Undergrad: 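One structure is given below, represented as C-alpha cells, and several questions about it will come after.
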Number of protein chains: 2
Amino acid sequence: MRTVDPAKHEAKRRAILDAATMCFAEKGFEKTTTAEICRAAGISTGSLFHYFPNKRAVFVGIFEQDGDETAALIAAAEEIGDPWEAILHVVGYVSEQVLNPLAAKLVLEVAAHCARDTELAELVQGNDRALRDALIGLVTRAVEAGRIDPGIEPGTAASWLVALIDAPLSRVILDPDLDPAAELAVMKTILTRFLRPVLPISPPPGGEVSDTGGISPG
Amino acid sequence: MRTVDPAKHEAKRRAILDAATMCFAEKGFEKTTTAEICRAAGISTGSLFHYFPNKRAVFVGIFEQDGDETAALIAAAEEIGDPWEAILHVVGYVSEQVLNPLAAKLVLEVAAHCARDTELAELVQGNDRALRDALIGLVTRAVEAGRIDPGIEPGTAASWLVALIDAPLSRVILDPDLDPAAELAVMKTILTRFLRPVLPISPPPGGEVSDTGGISPG
DNA sequence: GTCTATATAACGATAGAC
DNA sequence: GTCTATCGTTATATAGAC
C-alpha cells in the first residue's frame, strides 16, 4: 500500500482551489495574500507551495476547473431535443451563475487579468470557444427548424449569445438590489427578439418602416 | 501677480491623469507603480504626491473626469431632434470607445475594483445613472413617437441599453482581430429588434407562434 | 513646487526540521 | 507531506534640501 494517494492529492488540490476561489472573488487577485488562501483552506504556507508552484497557478487552476464544468453543461445541452430550448438552457444556466455577485466579481477579475496575461487569456478563450462552438451547432439546427432567422450568421449569433451573458455584469456589481429573475426574463426577451424569424410584414397604419433591424450583408 | 496659477495646477493635474490612464489601462491598478506614473508624466515621486494624496486618488480622478465627458455627451444628444437617432448616437458613441482595447482594459479594471471599493463604485454608478436617466428620457419620447414598443418599460430599456454596451468587452480583450464596425452593426441590430414596436402579426404558414418575445408583466 | 533619498511595511516564496 | 521561521524584494509614501 502506497502512502501517495493520487485521489487524496487531487481532493486536497480542489479544496485549496475552492478556498482560493472565495478569496479571489472577494478581494481580487493581488489583494489576496497566499497567507489568506492558506488560512481559508486550513493549511500552512509550506503546504500551499507543495500543491501549486506559485500564487498565479492557484488562480489559473480555478479556470481550468471551470472548463470542465462548461464541457459538462454542453454535453447536457446536446441531450435536449429542441435546439431553441437547448440554447435557452445554456444561456440561462450560465447567466444565472453570472448574476450571482460573488461569481460576477470573479468573472470581472479574470477578464481584467486576461488583458495582461496571454497564457490565462488563451485558457479562458478556450472555455469561451467551447461554449460558442456548441451554440453555433444549436443555432444552425434552430435555423433549419425555422426557429431562428436564417439571415443571421450562426457564428455571429453564437458570439453574441455568449456576449449577452456578460452584459449585466456591471449592474450586478453596482446594484445590490438587482433581481436576477427579472434580468433573466429581459435577457430572454432580447435574445428571442434578436434571433426570431422575421415575420411577414403587414404595413403599419400610418408610417413607413425604414429599418427592419436586419443585418446588412458585407 | 501670484506665482500660484490655478489653471496651470489644473493642467498639470490633468496631464498626470492622462499619463496614469495609460499606465492603469496597460498594467492594471496594483501592478502600476507610482514610479511608473511619474516616469510617464515626466515628474518625480515627490511631485506626484503634491497633486494627489495617494495612488488610489489618481485612479479615482480618472473617473471623475469621465463623468464630465458623459455629461457633455448627454447634452449633445439632447440637441438631436429624433429621440431614436439620439439613442443610437449615445449608444454608438460609448460603444465605439469601449470597442477600443485600451479603453476596454480600463473599463474592466474599474469594474473589478468597484466590486471592492464602495466609494469608487458610487462614483462610477453616478456616471452610469446619468447616462441611464438621459436614455430613459429619450426612450420615453421614442415610445410616444411610436418608434419603440410601448410594452417595454423605459427604465428597463435604458438599463439594458447601457448594459449592452458592455456585452462585447470580453471579446475585445480576448480577440485582437475583432472588427469594431461589425460589432457596432450587430449591436444596432440587436437593440433595434429588441425595442421596435411589435408589428401586427399575420400568422406564419405552418406553425404556431407560442412566444412573441414580449416582456410578461409582474 | 520640484527634486533626491529613504523609512517602513508587506508579501511571495524558500529552507529545513519533523 | 506538513509544518514554522524567515529571507529577499518591492513599493508606497514621507522627509527635507533647494
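Protein chains get the first letters and strands the later ones, always in sequence-line order, with residue 1 at the start of each. Every value quoted in this text rests on a predicted model; they were computed, and no experiment measured them.
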Undergrad: For a quick test of reading the model: is some side-chain N or O of B/T34 closer than 4.0 Å to OP1 or OP2 of D/dA11?
TA: no
Undergrad: Round to a whole Å and report the spacing from CD1 of A/I43 to P of D/dT2.
TA: 8 Å
Undergrad: Would A/D149 and B/R193 pass as an ion pair if we require N to O under 4.0 Å?
TA: yes
Undergrad: Can A/R116 and B/E109 be counted as an ion pair, charged N to O under 4.0 angstrom?
TA: yes
Undergrad: Can you check the A/L48 CG to C/dT14 P distance for me, whole Å?
TA: 11 Å
Undergrad: What does B/S44 touch in the nucleic acid at a heavy-atom separation under 4.0 angstrom: a base, only the sugar-phosphate, or nothing?
TA: base
Undergrad: To the nearest Å, give me how far apart CZ (A/F52) and P (C/dA13) are.
TA: 13 Å
Undergrad: Run the side chain to side chain contact (heavy atoms under 4.5 Å, CB included) test on B/V90 and B/I74 for me, step by step, so that the C-alpha distance in whole Å, both residues' side-chain angles and the decisive distance to 0.1 Å come before the verdict.
TA: CA-CA 7 Å; B/V90 169; B/I74 290 169; over 6 Å; no
Undergrad: Between A/R56 and A/E119, is the closest basic N to carboxylate O distance under 4.0 Å?
TA: yes
Undergrad: When you check the phosphate oxygens OP1 and OP2 of C/dT2, does a side-chain N or O of B/K12 lie under 4.0 Å from one of them?
TA: yes
Undergrad: Expressed in angstrom and rounded to an integer, what is the separation of B/H50 atom NE2 from C/dT2 atom C1'?
TA: 9 Å
Undergrad: Let me know the distance between CD of A/E30 and P of D/dT9, rounded to the nearest Å.
TA: 21 Å
Undergrad: How close or far is atom P of D/dT10 from atom NZ of B/K55, stated in whole angstroms?
TA: 15 Å
Undergrad: With the side chain of A/T45 defined as its heavy atoms from C-beta on, choose the nearest nucleotide among D/dT2, D/dG1, C/dT14.
TA: C/dT14
Undergrad: C/dC3 phosphate, OP1 or OP2: any side-chain N/O from B/S47 under 4.0 angstrom?
TA: yes
Undergrad: Can you tell me if the side-chain N/O atoms of B/Y51 get under 4.0 Å from OP1 or OP2 in C/dG1?
TA: no
Undergrad: On DNA chain C, does the nearest nucleotide to A/K31 precede the nearest nucleotide to A/F49 from the 5' side, or the other way round? Give the residue.
TA: A/K31
Undergrad: Nearest-Å distance, CG (A/D5) to P (D/dT2)?
TA: 12 Å
Undergrad: Rounded to whole Å, how long is the line connecting atom CD1 of B/I37 with atom P of D/dA11?
TA: 12 Å
Undergrad: Does a side-chain heavy-atom distance below 4.5 Å link B/D18 with B/M22?
TA: no
